[in-house]
There are 2 protein chains.
Amino acid sequence: MISEQKIFYDYLETRRLKRTAQRDLILDMFLKIEKHVTPEELYQSIRKKYPHIGFSTVYRTLKLLVNCGLAREVKTAGDNSTFFEHQYDHPHHDHLVCQGCGKMAEFFDKAIEDLQEKIARAHGFKMTGHRLEITGLCKTCQDKGGAE
Amino acid sequence: MISEQKIFYDYLETRRLKRTAQRDLILDMFLKIEKHVTPEELYQSIRKKYPHIGFSTVYRTLKLLVNCGLAREVKTAGDNSTFFEHQYDHPHHDHLVCQGCGKMAEFFDKAIEDLQEKIARAHGFKMTGHRLEITGLCKTCQDKGGAE
DNA sequence: GTATCTGCAAAACTTTTGCTTATTT
DNA sequence: AAATAAGCAAAAGTTTTGCAGATAC
């Protein structure tokens, strides 16, 4: 079993980057977060335990987590802040969202995953993640005859 | 046939908003753009024809276009600026984003589109749209090793 | 005439950077 | 001892807002 900590420490070692108390703490706090988090939110949580930490340290460490594959950045329309979320925690579920009532279903489809890999490769990319959201109308909202 | 102009003008009328030369021009320029555009880029193009236009006017009008369904906002990891793109410009394209340098490629894959329809149907949804973003590392960033 | 819009500038907010001191290796 | 990181503050970049004068209705 490969732990996230090990991935991070190996990453640091490979690049001759240093393991510090702050980086350890930031990784731990990040891993404890169940869902996505903004840099500001993470900064605020960490300050409670470690009041002298700097925002830039948190920010720079989040970028490290992205670079070593533990986190990914997510930006959403309607929110100007970047979210960081676990890359490996919920590796394979995508969302189906009802425009009428907001109901959300999760799904996983191997064929789509494979096609994504293929497309990335065709463009010279090494795929590290993806985000797929299908919007539609659920049964109930279709029956109600169209939503706003 | 419903023109984008008509959609916009109807939207304005319904809400007792005013039709102005600037709004007309911004819509026209936006419709001429083939791909996504940042507010800044659109502002710069418009200034060439209409030097006194204000950035806020462009920005506010883009939001109007989103609200009336003609445009949508797209934000990508690796780029801090919001892109605006046509909402009704089928076939939709999806994005491939490099986590290292923010470089963005567009693609369209019929097989993926079809699978999405199928999945939505399997969950009792009627699909109305989707958003797919594949993140990865482009050739250049793979070679550089992804370091900051 | 009234309500809305424009353009400007400033504010608000997010992300990045420069630099000095501190820490890790 | 040398190299890197932390923390701070300031800069840079993006989005939003307040307002006086202009324009559409």
Side-chain angles (χ1 to χ4, degrees), chain A residues 8-27 29 36-44 46-68 71-84, chain B residues 8-27 29 36-44 46-68 71-84 99-102 147-148:
Chain A
F8 187 48
Y9 302 153
D10 285 352
Y11 176 85
L12 294 179
E13 197 177 339
T14 307
R15 312 194 170 230
R16 309 245 145 75
L17 302 177
K18 291 170 181 172
R19 186 168 162 192
T20 65
Q22 290 91 332
R23 286 177 175 170
D24 279 11
L25 185 56
I26 292 165
L27 174 60
M29 294 294 278
H36 51 236
V37 68
T38 64
E40 181 64 26
E41 287 164 353
L42 191 57
Y43 171 58
Q44 294 301 342
I46 293 172
R47 279 181 88 181
K48 288 176 191 156
K49 287 196 174 178
Y50 196 110
H52 289 301
I53 197 146
F55 180 76
S56 339
T57 304
V58 174
Y59 215 100
R60 287 192 266 233
T61 304
L62 278 170
K63 294 281 186 179
L64 281 181
L65 295 182
V66 169
N67 287 338
C68 74
R72 63 172 171 174
E73 286 182 48
V74 178
K75 305 202 178 195
T76 63
D79 202 311
N80 292 328
S81 193
T82 303
F83 295 92
F84 289 82
Chain B
F8 187 48
Y9 303 152
D10 285 353
Y11 176 85
L12 295 179
E13 198 177 338
T14 307
R15 321 213 157 207
R16 307 244 147 75
L17 302 177
K18 291 172 181 171
R19 186 170 161 190
T20 65
Q22 289 92 331
R23 285 176 177 172
D24 278 11
L25 186 56
I26 292 164
L27 174 59
M29 294 294 279
H36 51 238
V37 68
T38 63
E40 181 65 26
E41 287 164 353
L42 190 58
Y43 170 58
Q44 294 302 341
I46 293 173
R47 279 181 88 180
K48 288 176 191 156
K49 287 196 175 178
Y50 197 109
H52 289 300
I53 197 145
F55 179 76
S56 340
T57 304
V58 174
Y59 216 100
R60 287 190 268 230
T61 304
L62 279 170
K63 296 278 187 182
L64 282 181
L65 296 183
V66 169
N67 287 339
C68 74
R72 63 171 172 172
E73 286 182 48
V74 178
K75 305 202 177 196
T76 63
D79 202 311
N80 292 329
S81 192
T82 303
F83 294 91
F84 289 82
Q99 290 187 308
C101 63
E148 232 347 77

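Everything numeric in this text was worked out from a predicted model, so none of it was measured. Per chain, numbering begins at 1; letters A, B, ... match sequence-line order.
- In this structure, R23(B) reaches the dC5(C) phosphate: one of its side-chain N or O atoms is under 4.0 Å from OP1 or OP2.
- Nearest to the side chain of T57(B), among dC25(D), dT6(C), dT15(D), sits dT6(C).
- A sub-4.0 Å separation between OP1 or OP2 of dA6(D) and a side-chain N or O of S56(A) is absent.
- Within the structure, a side-chain polar atom (N or O) of Q22(A) is placed less than 4.0 Å from OP1 or OP2 of dG7(D).
- Along DNA chain C, the nucleotide closest to K18(B) and the one closest to P51(B) are compared, and the more 5′ of them pairs with K18(B).
- Of the side-chain N and O atoms in T61(B), none sit less than 4.0 angstrom from OP1 or OP2 of dC5(C).
- Looking at K75(A), its side chain never comes within 3.5 Å of a backbone N or O of T82(B) through a donor-acceptor pair.
- Closest contact between the side chain of Y59(A) and the listed nucleotides dT16(D), dT14(D), dT15(C) involves dT15(C).
- Using a 4.5 Å heavy-atom cutoff, the side chains of R19(A) and F8(A) are not in contact.
- Residue K63(A) places at least one side-chain N or O under 4.0 Å from the OP1 or OP2 atom of dT16(C).
- Put simply, NZ on K63(A) and CZ on F84(A) are 5.0 Å apart, with the number rounded to the nearest 0.5 Å.
- Taking CD of E41(B) as the start and NE2 of H36(B) as the end, the distance is 7.5 Å to the nearest 0.5 Å.
- Nearest to the side-chain atoms of N80(A) among the listed nucleotides dT4(D), dT15(C), dT15(D) stands dT15(D).
- Residue Y50(A) is in sugar-phosphate contact alone, with no base atom involved, counting any heavy-atom pair closer than 4.0 Å across all strands shown.
- Residue T82(A) is in sugar-phosphate contact alone, with no base atom involved, counting any heavy-atom pair closer than 4.0 Å across all strands shown.
- Atom OG1 of T61(B) sits about 9.5 Å away from atom CG of L27(B), to the nearest 0.5 Å.
- Within the structure, every side-chain polar atom (N or O) of R16(A) is placed at least 4.0 Å from both OP1 and OP2 of dA3(D).
- Across the interface with DNA chain D, nearest-nucleotide mapping of P39(B) and L17(A) shows L17(A) to be the residue nearer the 5′ end.
- Residue contacts shown for R60(A) include a base, since a base heavy atom lies under 4.0 Å away.
- For dT6(C), the OP1/OP2 oxygens have a side-chain nitrogen or oxygen of T20(B) closer than 4.0 Å.
- E13(A) places its CD atom 9 Å from the P atom of dT25(C), with the value rounded to the nearest Å.
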